[in-house]
Amino acid sequence: MKRSFTLGVILLLGACASNPHFEEANRLIAAGNREAALVQLEAAAKQNPNDPQILAALLRQRTIVVGEKIARGDAAMRAERFDDAEREYRAAVAADPDNQRAVIRLSDVRKAKESKKLMEQARAAFRKNDLAQAESRLQKVIAQSPSYPGARDLLRRVYEAQELAVPEPRLNPSLRKPVTLEFRDAKLRSVFDMLARTSGINFVFDRDVRQDSQITVFMRDTSLEDALKLILSTNQLDYKVLNQNSVLVYPNTPAKQKDYRELVVRSYYLSNADVKQAAAMVKSIAKTQDIFIDEKLNLMVVKDTPAAIRITDQLVRSLDLAQPEVMLEVEVLEISRTRLQSLGVQYPGSISLGTSNSTTTSSTTTTAGRALIDAPMFFTISDPAIVFNLQATVGKTNLLSNPRIRVKNREKANIMIGDKVPVFTSTAAANVGVSTSVSYLDVGLKLEVEPTIYRNDDVQIKLGLEVSNILEQVSSGGTNPSIAYRVGTRNANTVLQLHDGETQILGGLISDEDRKNSSRIPGLGDLPLLSRIFGSTTDNTAKTEIVLLITPRIVRNIVRPEGTPDELPFGTDASPGAGLRQIGDTKPGSLGVQSSTGTAPNALAELAPSGPAGVPPDAAAELSVAAPAQARLGTEFSLRVQAPAGLGLRDGFVEISYDPALVAPVGVSPPVPGRVQVPASALEGGVDVRFKALATAPASAQFAVANIELVDGSGFSVGMVAPPPTTVSLVQ
C-alpha cells in the first residue's frame, strides 16, 4: 500500500508538471496577472479535468478574480460611472456565470441608469414647481432603488412644498384694517355683531359659547385681526378659520379642542436613531401621546395637529443623524535588550562518602538500630569535576504591532495580541477520582479604547494598555499537581484629547533587571584576586521598554441637517406648535380689554390717526385692478395692478387668482397654479402683469384679488380694500 500511495503521488505530480497551461498559470500568478492565469487554468482543467490540484487552483483564482471585478464595479457604481460598472460586472459574469452576486449586480446597473434619469427629471420638475411630476418620478426611483442617494430627501422636500402649496384657509386681508372699538359692559354678541358689520366676516358660534357674557373693550387704531385675537383669548375662546370670510368660535377647553382640532398622521422610518429614544423625545417635548413604534422596522408613527407635526419633523431630523466614527491607528513597539556574561571556574558543590557505586551491594545486618557495613568505602564527586565558564550573550529584540480599528462615538473597542495559555487544575472528588479542568489565561498586549468625538474635530480617548508575559511555571505539587503561571504585567490607563490626525506617544513603561549570581569555594572564593579562580560569576542584564503611538483620524463627524434652526417656536404648553400670541405695534394706552363687568382702562383721546396720509383711520385704501374687456385667443394682454400713492409700502404682496385652464402668466412660474403674486415694490407706480389666452374656445376669464399682505415703512400692516373681480372675454 505504501508503494501504491507513493506511486500515485509521483504520477499526480508528473501530470501537473507535464501540463504547460498549469505551469504558465503559476508563472502568471507570481507575476500578479490573475486574469491571464485564470484563462490558463481553465485550459489546464480542460486538458486534465480530473486533476484535483488544478481544479482547486482554478476555483481559488476564479473566486479572487470575480471578487476584484465586483469590487471595482461597486466603486464605479458609487461614482455613477455606470458604463465602467457594467463592463466590470459583465467580466465577472463571464469569469463565473454561476456567481449570483455578479448576476444581481449586473441587473442593478440597468435600474441605476433608469433611476439616475428619473432623479434628473424629478429635480427639473421640482425646480419648475411641478410637484406632482416630481413626486411621481421619485416614487418610481424609490420603488426600484430604495437606497438611491438623495431620493428620499428630495421626496421629503416635495411633500413639504405640497403642504405649502395648499395653504390653510386664511382670513380676508380686510381684517388688517385699523379700527377703533369702545364698549363698556357690552354683551359679547354685540361686539361680534359690530366686527361682522365692519369686516364682512361671518362668525359661527358653538352652542357652548356664552354670547350674553359682558365685556369692556377700548381699542384705538388696532387692526380687526388683533382685536379678534385679544377678545377671544381674554374670554377663553378660540377660533377656526373656515374660509377667507368665515370663522368658527368655540370655547378653548380640552373637550372642544378634541372636537374641532384637525389631526394628521405621519410615519418616520429612522435610519440611525433608536426608535424608542425618538418616541421618548417626541412625548416629552412635543407632548404627543399617540405614538406607535415598530422596533423591527425602526418605524415611528405619530398622530397630532399639523403644527405639532411640524415640530416633530424638526426634532426627528435633528436626532436621526449618523453616529460619528473615528479610525484609531495604533503602533505598539517593545524594545528589549539582554546581556548575559558567565566567567569563572565551576567546582563541584559536594563530595560524598559511601560504598561502591555499583548496583550490587554487600549484605548488611541491622540489629537494634545498629548498621554493620561489610564493604570498602569510597569518596564520590560529580562528573565533570571542574567546569570553566567562558560565555557572553548579547540580544536585542524589537516587537512591533500596528493595528487599526474603527470605532463609533462613545463605544468601547478592544485589541488583544498574544496567546491564550492553558492552566490546568486538578480536583479530587469522592467516588469519582481526580478531575482535571482547564482555563485559559490571556498573555500578550491588551488595548482598550473609548473615543468621544467633538464638533471641532477633537477626539477624547479613554485608553487602557496592559502588556503581560509569562515569567515562570508554578506547580502546586502533590500527587495531582495543578499548573499555574507567574505573569509579569505592565499597565497604563489615561484619558487624552487629540485633534484629528494628531499623534501622541506614550512611553516610559520600562522594566530594568540586573542580576548577578556567584558560585564559589568558601573562603578561597572570597579573596579579591582569586574569586575568578576559585568561583564562577554570572551577570544577567535585561531591559525592556513599551512605546505606544496612537493617532485618531475622524471618518465621519456630526453633520447638522439642513434647514434645522437652533431655535424653533413651540407655542404654548397646552397647544404645542400654535402661533405666537402677538399683535401689531400699538401706541401707549390704545388697548384695554376686560371680560367681566368693571372699569376699563381709559383710552387716550389725543392719539393721532395711524392710517396713511389723507385716509381716515377707519377707512382703508382701495386697490385698483384693470384689464381689457376682450382678448383674442392665443394672444397676450396686460392686467394693470396699482395701489394709491403715498402709502410708503415697504414689503408684502398682492395675490391675483385666475383660471389656469384659460390663461397663464407670461415669464412667471407661480409656486401655486392659478395664483400669481405682485410685489409691493411695484404697486404704487403700477405694474402690468402679462397673461396669455390658452383657451381653445371663447370663454370668460375672471381675475380676483385673493390675498393682500402689505407693510408700510414703519412696520405696520396697511389695510387695503380689494376691488370686485375683473372679467376678460376671450374671443376668436
Side-chain angles (χ1 to χ4, degrees), residues 12 15-123 137-154 271-272 322 325 327 403-406 553 555-556:
L12 178 61
C16 294
S18 62
N19 194 322
H21 296 291
F22 185 74
E23 295 177 357
E24 180 65 15
N26 290 331
R27 188 187 64 79
L28 292 172
I29 291 173
N33 193 350
R34 297 187 179 275
E35 297 182 16
L38 181 61
V39 175
Q40 294 296 328
L41 286 173
E42 290 175 349
K46 290 181 181 179
Q47 183 176 348
N48 299 97
N50 298 323
D51 191 332
Q53 186 178 4
I54 294 177
L55 294 177
L58 174 62
L59 293 176
R60 183 170 59 254
Q61 291 303 317
R62 181 179 292 167
T63 302
I64 294 174
V65 170
V66 171
E68 290 177 350
K69 290 187 175 298
I70 291 177
R72 289 196 294 267
D74 292 344
M77 283 285 287
R78 288 191 294 269
E80 294 188 347
R81 293 184 285 104
F82 300 119
D83 294 337
D84 296 341
E86 184 177 5
R87 183 169 55 255
E88 295 292 341
Y89 293 147
R90 288 191 182 277
V93 173
D96 186 5
D98 296 331
N99 192 295
Q100 293 301 314
R101 289 180 58 205
V103 174
I104 294 174
R105 293 289 204 285
L106 185 59
S107 64
D108 289 342
V109 174
R110 177 186 57 80
K111 296 180 181 179
K113 287 182 178 179
E114 186 176 355
S115 297
K116 182 181 180 181
K117 183 178 179 181
L118 291 172
M119 277 295 295
E120 292 175 353
Q121 296 175 356
R123 292 190 180 100
R137 298 294 187 271
L138 290 171
Q139 292 289 3
K140 292 180 180 179
V141 172
I142 295 175
Q144 64 185 9
S145 300
S147 59
Y148 194 89
R152 294 189 181 277
D153 183 67
L154 183 58
S271 302
N272 302 284
E325 289 185 89
M327 178 74 74
R404 295 186 179 185
I405 187 168
R406 183 167 174 170
R553 300 192 184 278
V555 179
R556 179 177 55 242

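How far NZ of Lys117 is from NZ of Lys140: 11.0 Å, rounded to the nearest 0.5 Å.
Contact between Val141 and Ser115 at its shortest, heavy atoms only, is CG2-O, 3.8 Å. Closest of all the heavy-atom pairs between Leu154 and Arg123 is CD2-CG, 3.8 Å.
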Donor-acceptor pairs are to be reported for all side-chain atoms of residues 87-97 against protein atoms at under 3.5 Å, with residues two or more places apart or in another chain.
from  : atom 1 : to    : atom 2 : distance (Å)
Arg87 : NH2    : Asp84 : OD1    : 2.6
Glu88 : OE1    : Arg72 : NE     : 3.4
Tyr89 : OH     : Gly73 : O      : 3.3
Tyr89 : OH     : Asp74 : N      : 3.1
Tyr89 : OH     : Asp74 : OD1    : 2.5
Arg90 : NE     : Glu86 : OE2    : 3.2
Arg90 : NH2    : Glu86 : OE2    : 3.0
Asp96 : OD1    : Asp98 : N      : 3.3

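The side-chain contact (heavy atoms from CB on, under 4.5 Å) test applied to Gln61 returns Ile29, Arg34, Leu38, Leu41, Ile64, not counting sequence neighbours. Every residue two or more places apart in sequence or in another chain that forms a side-chain contact (heavy atoms from CB on, under 4.5 Å) with Asp83 is listed here: Lys113. Residues meeting the side-chain hydrogen bond (donor to acceptor under 3.5 Å, both in side chains) test with Arg60, sequence neighbours left out: none. For the salt bridge (charged side-chain N to carboxylate O under 4.0 Å, His left out) test, residues two or more places apart in sequence or in another chain that qualify with Glu325 are Arg406, Arg556.
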